[in-house]
Amino acid sequence: MVSWSALGRSFGTNLFKNNIKAPFVVQNVNFSVGKKLASDHGHRTMALQPSRWQWHKFKDMFHYYLMMGLIPVGAIIFYTNVFIGPAQLTPIPDDYHPKHWEYHRHPITRFIARYIHNSPQQEYEKFLHFIDEEAQRQKLRALEKEVTRKMAERNDYQAYYYRPMVNKYLRINKKAGDDIMERVGDDYKD
Amino acid sequence: MVQGGPPDDNLFRAFASAIYNTIDAPVTWFREKIVEPNQKKYPWYHQKFRRVPTIDQCYSDDVVCDFEANAQFKRDRAVDSEILNILRMRYEDCMMYERPDHLTVCKPFWEKYKDAEEAWFIKYGDLGAYADARKAYMKQKHRMIWERRNGPLSDQTK
């Protein structure tokens, strides 16, 4: 049945006390006609009835999508199809290079291709430049990695971001030391 | 519409076309009287792509050449698939029209379609979902090695 909220509790008790009218029953739902409210003049009544909010909201949304969506877009589509129409397929003339939007058939597609999108050739060339630059960076990184690997292997440079002394004689001495080691071994008496 | 011969007074055909025309006639009238006179005539074209170097002409570390060769490979594969489609549709139209003696009448279409299908498979088949120009090139290399050892694979590869 009807549940009394906190706000309407006093109102409800008034109803309950003063309900002398015959109950108004529709499909087993008891619509009670409310008592006149204190702040009004005249005899306004508030009908206590189930919420019609969803129905009102539906009507709102329906009208919104119809007016702002369906009717303008439908009018544009009708105009383009009837008064402009799709294009005819023709072979490319010999001395003419067509623009990129002239490869589409429908006028709305042509419009989008012409004014909204970038040309496919531009995007293609941008991408080629991007992967070329990325490939150059990859080569630089690979070279750096190889250099540090060789430095780690040969232990002849401490680092590569400051200029070291000339390591040519260091390498010669190291090679001489290695040769002696090979010949004589590391047998030593301490 | 075939005009000519004695007028068709078949009642059932007239009835069927009357029902069809309850929908068709207003639509056709609208199109012919209102839509077509008002439409503008202007051209559109099919894009022609320039040939770029294929994957066997690219250096191995040239990513730009590799990408362009790949794009060309995908375009060529799409075109070849459509050609195969058209040959198959030709055979199927012939078969549906000539049935039940399609096995003899439509044989030339069938032969052409089968040859084209075999050639398509030799070039593009079994490359997987991530097919590449490089993978197709390697497939060709392996096929040629196999053919060198085992003799020709089929009529299409002679």
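Proteins get letters first, then strands, A, B, ... in listed order; numbering begins at 1 in each.
- Contact of B:Asp61 with chain A is made through backbone and side chain together, with heavy-atom distances under 4.5 Å.
- A:Met68 is not connected to A:Phe62 by any chain of hydrophobic side-chain contacts under 4.5 Å among Ile, Leu, Val, Met, Phe, Trp and Tyr, and they are in different clusters.
- Because its NZ or CZ atom is not both nearer than 6.0 Å to the ring centre of A:Tyr96 and within 45° of the ring axis, B:Lys48 does not count as a cation-pi partner of that residue.
- Using a 4.5 Å cut-off on side-chain heavy atoms (C-beta onward), A:Pro86 and B:Gln39 make contact.
- When the candidates A:Glu134, A:Lys139, A:Gln138, A:Arg110 are compared by the number of heavy-atom contacts under 4.5 Å with chain B, A:Arg110 comes out ahead.
- Residue A:His100 does not touch chain B at all, counting heavy-atom pairs closer than 4.5 Å.
- Ring centroid separation for the pair B:Tyr113 and B:Phe109 does not come in under the 6.0 Å cut-off.
- For chain B, the nearby part of A:Phe78 is the side chain; its heavy atoms alone come within less than 4.5 Å.
- The contact between B:Phe30 and chain A is made entirely by side chain atoms (from C-beta outward), counting heavy-atom distances below 4.5 Å.
- Two residues are said to be in side-chain contact when any heavy atoms from C-beta on lie closer than 4.5 Å; B:Val79 and B:Ile83 meet this criterion.
- Of the two parts of A:Pro107, the backbone and the side chain both hold a non-hydrogen atom closer than 4.5 Å to a non-hydrogen atom of chain B.
- Per-residue counts of heavy-atom pairs under 4.5 Å with chain B were compared for A:Asp132, A:Leu89, A:Ile92, A:Leu128; the largest is that of A:Leu89.
- For the residue pair B:Asn21 / B:Ser17, no side-chain donor-acceptor distance below 3.5 Å is found, with atom types taken as modelled.
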